[in-house]
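Below: the structure, in structure tokens.
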Protein chains: 2
Amino acid sequence: MASRGQRAADTASRVLDVAERLLQTRGYNGFSYADVAAELKLTKASLHYHYASKATMGEALITRYASRFAAALEQIDARPIDAPTKLAAYARLYAEVLRGKRMCMCGMLAAEYRTLPKPMRDAVIGFFDDNEAWLTNVLTRGREDGMLRFAGSPAETAQMIVSGLEGAMLVARPYDDMSRFQAAAGRLLENLVAPDPRRVGRITSN
Amino acid sequence: MASRGQRAADTASRVLDVAERLLQTRGYNGFSYADVAAELKLTKASLHYHYASKATMGEALITRYASRFAAALEQIDARPIDAPTKLAAYARLYAEVLRGKRMCMCGMLAAEYRTLPKPMRDAVIGFFDDNEAWLTNVLTRGREDGMLRFAGSPAETAQMIVSGLEGAMLVARPYDDMSRFQAAAGRLLENLVAPDPRRVGRITSN
DNA sequence: GTCTATAGGCAGATAGAC
DNA sequence: GTCTATCTGCCTATAGAC
């Protein structure tokens, strides 16, 4: 059938594209409907047709972001790679966000957490939970087959990785310096890799 | 001299006290003069007498916060303790902020960095630079006398510590869970302590 | 120093024409 | 779907009386 396909993304998703960038660079309380509308050459009223309230738009933003992230994690799982390489690929997801001069959306929202409407809060928590669950799985298997070595539980270690990478993004952004992130992320993960076998790839590319 | 002493803090500093808490919990773009005025039972106009603009108030907030932090670091240096214990004391400074359900002021401002006036941006960078300089010194001496062991430069490791602790606060706050911070911070620092000598204190208290 | 009053602008949101 | 027009409320900031 067809009708029109997806040649040009529909307005609703282009709205999210612009709002997403503003959210990740300026924060939820740092951009307005007027900002998004101006960039798309629409009116504020038109935006309200697509997203009745800013809170609704915020929920849609997190949902889409979390879905993309989840898809990226599935992509990593689809590749036949060992645990250390999976962790490196995971860190690379963060590096790519930072390369676009953006903060992780949910890291940004974590800072503003107390100002967010409840549905957005829950979605932020859900994002971190999902990430930690994935990491916990990788860490558990990696330790089992001897590729990883770390003290404490896999769940605790997953929390440390998530918060370590979020913090590395947070601090690197004011300096506008990717190498700060690379150094912190690399140091964070290299402590987890068992020293025995010959390692293949670097923790972070570029 | 004398006149009145400091019995009740003067209005200017009580303004900063309230604004500081709002900034650390809601972010710079998440509170207003009206919020501060209401809490102190003053009018917005009175606040403008003490701080002509919100940007001016913001600068004063960072300056005072950074001074306090610097004083706390001097306190640590005044004690006759080894490098691992200094690092533990450093992490405890962050833990105390988090216990008050606050984010590190400059971590919060790092998230909102792109929306800040230039003087505030510079002050945020200065805070991180000072912290990393202090840590770099501790790390350098600690490695020299064999109490610490880490790969990479002291400066890089200092960056990892700062960003790791900032991230641990950032993520722990939505969960309102101190133990998340304690776990991440503890894991972060224990990788730096040389295994040889008998260790004394835990990384974080409480 | 603190107030009342107000300016001038921008926020999120709605009504209703096209 | 997008528009014009408008509402209400909050924002930062200022003028000027007390």
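Residue numbers start from 1 in every chain, and the chains themselves are labelled A, B, ... in the order their sequence lines are given, proteins ahead of strands. Reckoned from all heavy atoms, side chains included, excluding hydrogens, waters and symmetry mates. None of these values were measured; they are calculated from a predicted model.
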- Given axes from five pairs at either end, by how many degrees does the helix from C:dG1-D:dC18 to C:dC18-D:dG1 bend, rounded to 10°? 0°
- Looking for any heavy atom pair under 4.0 Å, which part of the strands does B:Tyr49 touch: base, sugar-phosphate only, or nothing? base
Check whether [Y] forms a cation-pi arrangement with [X] (NZ or CZ under 6.0 Å from the six-membered ring centre, at most 45° off the ring normal).
X	Y	answer
B:Arg180	B:Tyr175	yes
B:Arg187	A:Phe150	no
A:Arg173	B:Tyr113	no

- Task: Return the nearest nucleotide to the side chain of B:Leu42; candidates are C:dG12, D:dT12, C:dC3.
- Result: C:dC3
- To the side chain of A:Ser32, which of C:dA11, C:dC3, D:dC11 is closest? C:dA11
- Message: Before we go on, tell me: are the rings of A:Phe69 and A:Tyr94 under 6.0 Å apart, centre to centre?
- Response: yes
N or O in side chain of [X] less than 4.0 angstrom from [N] OP1/OP2:
X	N	value
A:Ser46	D:dG1	no
B:Thr43	C:dT2	no
B:Thr11	C:dT2	yes
B:His50	C:dT2	yes
B:Ser53	D:dT12	no

- Item | Pair A:Asp122 + A:Lys118, salt bridge at N-O below 4.0 Å | yes
In whole Å, what is the span from the [atom1] atom of [X] to the [atom2] atom of [N]?
X	N	atom1	atom2	answer
B:Lys54	C:dG9	NZ	P	20 Å
B:His48	C:dA5	NE2	C1'	14 Å
A:Leu47	C:dA11	CG	P	12 Å

- Message: For a quick test of reading the model, state the closest non-hydrogen atom pair linking A:Cys106 to A:Phe128 and the distance between them.
- Response: O-CZ, 3.6 Å
